[in-house]
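Whatever order the structure lists ligands and atoms in, that order sets their numbers, starting from 1.
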Amino acid sequence: MSYDEIEVPDSGQKIEVVDEENDEISVPEDPIIPIIHGDGIGKDVAPAAQKVLGKAAEATGRNVSWMRVYAGQSARDRYGEDVNLPDETVEAIKEHRVAIKGPLTTPVGAGYRSLNVALRQTLDLFANVRPTYYLDGVPSPMKAPEEMDMVTFRENTEDVYAGIEWEQGTEEVEQVKEFVEEEMGFDDVMHDGPIGIGIKPITEKGSKRLVRRAIDYALEHDRDKVTLVHKGNIMKFTEGQFGSWGMEVADEEYPDDEVFAAPDSLWEEEDEVDIPEDAVMVEERLADAMLQWMQLRTDEFDVLAMPNLNGDYLSDAAGAQIGGLGIAPGGNFGKARMLAEPVHGSAPKRAGQNMANPTAMILSGRLMFDYLGWGDAADLVRDAVEETISSGKVTYDLERQIEGGEKLGTTEYAEAIIENIEKLS
Ligand code: NAP
């Protein structure tokens, strides 16, 4: 494919699909990987991450051919004021299957829709996966942050994030209100006066494929438990149904001695449930209770699978327990497709100052390396980051929380990690 604004690297090969349904790709030793630097601090952290990841690939006998693609401000600069997400960018990511992005700014209230949500929906990246684990030396508000080792699977395409909503004062919102009141019979629920309305779709397809991914992950990575987190006691036909469909997957699609769907787990303690030895247990928990258990009984949880909104809140809260947004990585997965991205946003007040912490983006790259089957490069990235932080070399966000730390700029911190990659390889 030829592009107008995107420069295709003169070396490197394409990642090919082997079996889309079963999420299998074939990865050359020199893949072309599209990268969106992003807005705000994206301009600081993405080039730093690119250097660190490139070095780790090289140290394990490979080469990444980066292909810059554009979204957000960088797209408006190149393609014109109205173009936030060029078709070329979407096509390049589709064609090359695996990509990485920095944060993109989303205006609140008016303006364009979230580019992150648009990318996830357009590419059908249905699972947002965030491994949350403690790195030695990182300051944390918890007494025992090392107990945190969770992987959250957040449904990425539906729920109240589907974008089906109507603005107050429009003819459409009044039509929807009238339909709900007069046709559906909810005539004494909504207050009089201006109103905004949104719809919360939760489908069988969306719920089951997410839960399936989480269970497969637990089986592949030797995890003990998958917890389905929802608010089904109140939102019975959406969140509650997510839980029921998820339990159906566990119950019907796997042998009992491999995956055990714990009946009535919503209201029972785990030790009251008889689980076959070595099976992955799938249980349900309510989202509000889960937010406190995550802090008070951290080591009891393992893999979490959730509808979109719960997943957004819970994964940020889990990230805070191990030191905050600057170090929390993430990835969006579809069928034979992955887009790595840090959890944090574009933090505009820190942008362009060589201050921001690139760890989250670097560790998102680690997740990408794992997906490529480059486990050795992924481990090298983690070890080098951990070595750097535990030697006290950190960016401003961590330095202000630890005594005796050495505050480095984004670039200098990335260079310190690169030195450790050289030492460790
Ligand atoms: P944010 O950009 O994540 O930043 C909030 C605060 O977190 C920052 O002010 C900073 O705290 C800290 N922080 C975040 N990333 C950091 C890093 N790499 N290094 C050090 N500190 C970091 O959240 P926001 O201010 O709510 O959102 C800003 C914009 O980003 C919005 O337009 C939002 O929609 C967008 N956003 C995009 C994504 C995405 O692209 N996936 C995700 C979330 C938000 P201190 O001020 O204390 O230093």
Side-chain angles (χ1 to χ4, degrees), residues 35-49 52 69-76 84-85 89 93 99-121 123 125 128-130 135 138-141 152 154 156 161 163 308-309 311-317 319-320 322-332 338-365 367 385 388-389 393-402 405 407-414 417:
I35 179 166
I36 298 173
H37 281 186
D39 295 326
I41 56 167
K43 289 192 222 85
D44 303 287
V45 299
V52 169
V69 298
Y70 307 92
Q73 187 59 52
S74 66
R76 292 194 288 281
N84 293 300
L85 183 60
T89 295
I93 298 175
I100 183 165
K101 68 174 275 290
L104 293 167
T105 297
T106 308
V108 178
Y112 52 88
R113 268 193 74 204
S114 164
L115 301 178
N116 302 304
V117 174
L119 266 171
R120 292 169 197 163
Q121 285 179 346
L123 297 166
L125 299 165
N128 180 267
V129 181
R130 296 178 181 179
L135 287 171
V138 173
S140 153
T152 57
R154 163 186 169 193
N156 229 356
Y161 284 49
N308 210 334
L309 180 63
D312 200 359
Y313 293 158
L314 267 116
S315 53
D316 269 26
I322 47 99
L325 287 179
I327 60 163
N332 302 290
M338 186 226 180
L339 177 63
E341 66 171 335
V343 171
H344 64 72
S346 56
K349 67 179 173 179
R350 308 288 179 204
Q353 298 168 60
N354 190 35
M355 274 182 91
N357 189 347
T359 307
M361 182 129 181
I362 293 169
L363 294 177
S364 304
L367 200 58
V385 167
T388 309
I389 296 175
K393 292 183 174 174
V394 287
T395 43
Y396 84 98
D397 51 323
L398 299 189
E399 191 267 344
R400 66 188 170 188
Q401 301 175 65
I402 49 176
K407 181 161 75 174
L408 300 182
T410 312
T411 314
E412 293 70 33
Y413 171 74
I417 298 174

Candidates Thr395, Ile41, Leu325 - the one meeting side-chain contact (heavy atoms from CB on, under 4.5 Å) with Asn357: Thr395
Residue, atom name and distance, where the atom is the protein heavy atom closest to atom 46 (O) of ligand 1: Lys349 CE, 2.9 Å
Non-hydrogen atom of Val343 closer than 4.0 Å to ligand 1: yes
Tyr161 side chain to Arg120 side chain, donor-acceptor N/O pair below 3.5 angstrom: no
For Thr89, all residues meeting side chain to side chain donor-acceptor pair (under 3.5 Å), sequence neighbours excluded: none
Shortest protein heavy-atom distance from atom 29 (C) of ligand 1, along with the residue and atom involved: Ser346 OG, 3.2 Å
Residue selection (non-hydrogen contact nearest atom 18 (N) of ligand 1) among Asn357, Asn128, Asp39: Asn357
Shortest protein heavy-atom distance from atom 14 (C) of ligand 1, along with the residue and atom involved: His344 CB, 3.7 Å
Expected output: side-chain Ser346 to main-chain Leu104 donor-acceptor under 3.5 Å: no
Arg400: numbered ligand 1 atoms lying under 4.0 Å from its heavy atoms: 45 (P), 47 (O), 48 (O)
Verdict with supporting geometry, Leu119 and Leu125, side-chain contact (heavy atoms from CB on, under 4.5 Å): CA-CA 8 Å; Leu119 266 171; Leu125 299 165; 5.5 Å; no
Derivation of the side-chain contact (heavy atoms from CB on, under 4.5 Å) call for Ile322 and Leu135: CA-CA 8 Å; Ile322 47 99; Leu135 287 171; over 6 Å; no
Region of Asn116 that comes within reach of ligand 1 [heavy atoms, distance under 4.0 Å]: side chain
Nearest neighbour in protein (non-hydrogen) for atom 44 (C) of ligand 1: Gly345 CA, 3.3 Å
N/O donor-acceptor pair under 3.5 Å between Asn128 side chain and Asn332 backbone: no
Part of Glu341 with heavy atoms under 4.0 Å of ligand 1, whether side chain, backbone, both or neither: side chain
Contact atoms of ligand 1, heavy-atom distance to Pro103 under 4.0 Å: 40 (O)
Within-shell test, Met361 vs ligand 1, heavy atom, strictly < 4.0 Å: no
Protein non-hydrogen atom below 4.0 angstrom of atom 4 (O) of ligand 1 present: yes
Heavy-atom protein contact below 4.0 Å for atom 1 (P) of ligand 1: yes
Sub-4.5 Å side-chain heavy-atom contact between Glu341 and Asn116: yes
Sub-4.0 Å protein heavy atom near atom 25 (O) of ligand 1: no
Protein contact of atom 32 (O) of ligand 1 - nearest heavy atom, named by residue and atom, plus distance: Thr106 N, 2.8 Å
Atom 12 (C) of ligand 1 within contact range, any protein heavy atom under 4.0 Å: no
Protein contact to atom 7 (O) of ligand 1 [nearest heavy atom, distance to 0.1 Å]: Leu325 CD1, 3.9 Å
Per-residue contact class, Thr105 against ligand 1 - non-hydrogen pairs under 4.0 Å: both
Under the side chain to side chain donor-acceptor pair (under 3.5 Å) test, residues paired with Glu399 that sit two or more places apart: none
Sidechain-backbone polar pair: Asp39 side chain, Gln73 backbone, donor-acceptor under 3.5 Å: yes
Flag: protein heavy atom within less than 4.0 Å of atom 9 (O) of ligand 1: yes
Full working for side-chain contact (heavy atoms from CB on, under 4.5 Å) between Val394 and Gln401: CA-CA 10 Å; Val394 287; Gln401 301 175 65; over 6 Å; no
Options Leu104, Asp44, Val45, ranked by nearest heavy atom to atom 37 (C) of ligand 1, top entry: Leu104
Protein residue, atom and distance nearest to atom 22 (C) of ligand 1, heavy-atom basis: Tyr396 OH, 4.1 Å
Check against side-chain contact (heavy atoms from CB on, under 4.5 Å), Met338 and Leu367: CA-CA 10 Å; Met338 186 226 180; Leu367 200 58; 4.1 Å; yes
Flag side-chain contact, heavy atom, 4.5 Å: Val52 against Tyr413: no
Top protein contact for atom 16 (C) of ligand 1, by heavy-atom distance: Ile41 CD1, 3.9 Å
